Amino acid sequence: MKNFFGSTTPQELIATYGSPLYAYNETILRQRCQEMKNLISYPHFTINYSTKANSNLELLKIIKDEGLNADAMSPGEIHVLLAAGFKPEQIFYISNNVSAEEMQYAIDRNIITSVDSLSQLELFGKINPGGKVAIRFNPGVGAGHHEKVVTGGKKTKFGVSPELIPDVKEILNQYNLKLIGINQHIGSLFMEGDPYIAGVKSLLSICENFTDLEFIDLGGGFGIPYHKQAAEERLNLPELGEKLNTVLTEWVEHYGKTITFKIEPGRYIAAECGILLGTVHAIKENYGKKYIGTDLGFNVLARPVMYDAHHDIEIYKHRTPHTSDEKETVMVVGNICESGDIIAKDRLLPCLAENDMIGVLDAGAYGYCMASNYNNRLRPAEILITNEGKAKLIRRRDTLEDLMRNF
Ligand code: LLP
């Protein structure tokens, strides 16, 4: 990817920080934050970056510096957001099936919490009677790139169904709770805006049942083109923004009270600023298929194995610059002891040799944060290519001692 590595190269980065390695580009991260901030012209609008997509402390500081707020899914995410300098009022805790202690963690820090079932609303009321709360509704509409990431609609664990509004009101009354916010998230990675708008409209009709709302959170899910090498188009943000702006502005007039709207993009902010670098260790042919054996197991990047997700791949030659146009269809695999450990199936790539390096593109979201120590492998380091084009270590690689730390 042009200019991604600034004044350094993938080869130098791997020589300095080891392989595999997550590399992020600050300029791209900032640009994505700004695009989201400009999505609509309605004045009371905040972007809550969805921390789960990438919770590296240094990236969070940049996102905060760009003026975004954040959503958190756990006390751990709240902890890192506070460490990055976010104020409690800039954090929205979207809880799902949590313990009383986890709820209390947010309440103690004055962080607004959303609950997503009647039973959790009741728990909230018991531990914080008279408090302010938000509720995640399921508007009955879903979208997403894989069934595992569709979070709205009739087949998911998320949200309160609108039929339960009378029961919600009863619990609110019983514990004297003030419902100040309503949120939803219908799923992850949409490339067409219309399902999102449909979800927003159904959410707004749910909101009409409540008179004291201060904010409505429309969720994330904004997609990025993972098939850039095949010229996949970007999500048309200006068009989506315009439609959204009209729907929201009209609705507020009708509701008769100023409301803050929030959205929660994770992937859109973080995916494209990240490239996962790895090294080719072995090449072989097994029963007619060619395998490129790398150090990029699914402990490092889970998305291809978990969702059959596609990531474009770039190659960087170890010795001679790549000049031949010759390409071949290969399986790019990792070093984990499972046959499903495949990064790219039947992918047409320039011919590779041992010690060549590869870059898995658009790996900044749901990459490192889903990495594990499976097979007792060490999670990689993360570096940032700053606006000045310099590399900076922003998380060190695990060590063998890290693997022993909890014994
Ligand atoms: N808000 C809520 C309540 C969510 O559950 C999520 C994602 C988001 C916002 C952010 O969604 P985004 O804008 O990033 O699509 N690991 C999967 C994606 C799982 C998304 C889970 N929830 C993947 O790698 O594709």
Side-chain angles (χ1 to χ4, degrees), residues 29 32-33 35-36 39 46-55 59 63 68-74 77 81 91-98 112-117 120 134-139 142-153 156-160 181-193 195-196 199-200 203 215-226 235 237 240 261-274 276 298 300-311 343 360-372:
L29 176 61
R32 296 295 175 248
C33 291
E35 285 168 13
M36 274 295 158
L39 183 67
T46 58
I47 314 294
N48 280 0
Y49 166 64
S50 199
T51 310
K52 68 180 79 61
N54 189 321
S55 49
L59 300 191
I63 291 166
L68 271 57
N69 291 352
D71 86 38
M73 285 304 288
S74 65
E77 286 188 356
L81 285 167
I91 302 173
F92 182 32
Y93 179 31
I94 301 178
S95 75
N96 176 243
N97 304 333
V98 301
I112 295 295
T113 299
S114 108
V115 296
D116 95 343
S117 60
Q120 295 254 286
I135 297 180
R136 177 170 176 171
F137 275 95
N138 178 341
H145 70 91
H146 187 278
E147 62 174 31
K148 289 185 185 149
V149 301
V150 174
T151 47
T156 97
K157 68 169 179 166
F158 291 107
V160 174
I182 284 186
N183 55 304
Q184 72 170 9
H185 172 72
I186 63 170
S188 192
L189 209 172
F190 60 81
M191 294 305 287
E192 301 285 338
Y196 192 76
V200 168
L203 186 71
F215 71 85
I216 298 173
D217 183 334
L218 311 170
F222 302 82
I224 62 114
Y226 281 102
L235 170 66
L237 271 191
L240 171 58
F261 288 103
K262 303 174 193 257
I263 57 167
E264 301 162 1
R267 185 190 316 272
Y268 192 89
I269 301 290
E272 292 169 290
C273 73
L276 171 61
F298 71 83
V300 178
L301 182 69
R303 301 194 69 254
V305 169
M306 196 145 172
Y307 318 109
D308 277 326
H310 172 100
H311 286 263
I343 308 162
V360 180
L361 305 190
D362 303 316
Y366 307 109
Y368 187 94
C369 59
M370 291 173 71
S372 76

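If you read the sequence from its start, that first residue is 1, and numbering goes on from there. Order of appearance sets the numbers: ligands from 1, and atoms from 1 within every ligand. Computed from a predicted model, the values in this text were never measured in an experiment.
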From Arg303, Lys52, Met73 - option closest to atom 22 (N) of ligand 1 by heavy atom: Lys52
Sub-4.0 Å atoms of ligand 1 with respect to non-hydrogen atoms of Gly221: 11 (O), 12 (P), 13 (O), 15 (O)
Donor-acceptor under 3.5 Å (Tyr49 side chain, Asn54 main chain): yes
Region of Tyr307 that comes within reach of ligand 1 [heavy atoms, distance under 4.0 Å]: side chain
Heteroatom proximity flag, Gly266 to ligand 1, N/O under 3.5 Å: yes
Sidechain-backbone polar pair: Asp116 side chain, Gly159 backbone, donor-acceptor under 3.5 Å: yes
Which of the ligand 1 atoms, numbered from 1, are nearer than 4.0 Å to a heavy atom of Gly220: 13 (O)
Atom 1 (N) of ligand 1: nearest protein contact (heavy atom, Å): Glu264 OE1, 2.3 Å
Residue portion contacting ligand 1 (non-hydrogen atoms closer than 4.0 Å) for His185: side chain
Mutual orientation of the aromatic rings belonging to Tyr268 and Phe222 [parallel < 30°, tilted 30-60°, perpendicular > 60°]: perpendicular
Asp362 and Arg267 ion-paired at < 4.0 Å: no
Residues Leu361, His311; criterion side chain to side chain contact (heavy atoms under 4.5 Å, CB included); working and verdict: CA-CA 6 Å; Leu361 305 190; His311 286 263; 5.8 Å; no
Euclidean distance, Arg136 CZ relative to Ile182 CD1, rounded to 0.5 Å: 13.5 Å
Atom 20 (C) of ligand 1: the protein heavy-atom neighbour that sits closest, reported with distance to 0.1 Å: Tyr366 OH, 3.6 Å
Which residue and heavy atom of the protein sit nearest atom 19 (C) of ligand 1, plus the separation: Val149 CG1, 3.8 Å
Ligand 1 contacted by Ala53 (non-hydrogen, < 4.0 Å): no
Salt bridge (charged side-chain N to carboxylate O under 4.0 Å, His left out) partners of Glu35, counting only residues at least two apart: Arg32
Check against side-chain hydrogen bond (donor to acceptor under 3.5 Å, both in side chains), Asn96 and Lys157: CA-CA 9 Å; Asn96 176 243; Lys157 68 169 179 166; 2.8 Å; yes
Residue, atom name and distance, where the atom is the protein heavy atom closest to atom 15 (O) of ligand 1: Ser188 OG, 2.4 Å
Sub-4.0 Å heavy-atom approach of Pro265 to ligand 1: yes
Where ligand 1 meets Asp71 - atom numbers and elements under 4.0 angstrom, heavy-atom basis: 1 (N), 9 (C)
Best match, Gln184, Met370, Arg136: closest heavy atom to atom 3 (C) of ligand 1: Arg136
Derivation of the side chain to side chain contact (heavy atoms under 4.5 Å, CB included) call for Glu77 and Ile91: CA-CA 10 Å; Glu77 286 188 356; Ile91 302 173; over 6 Å; no
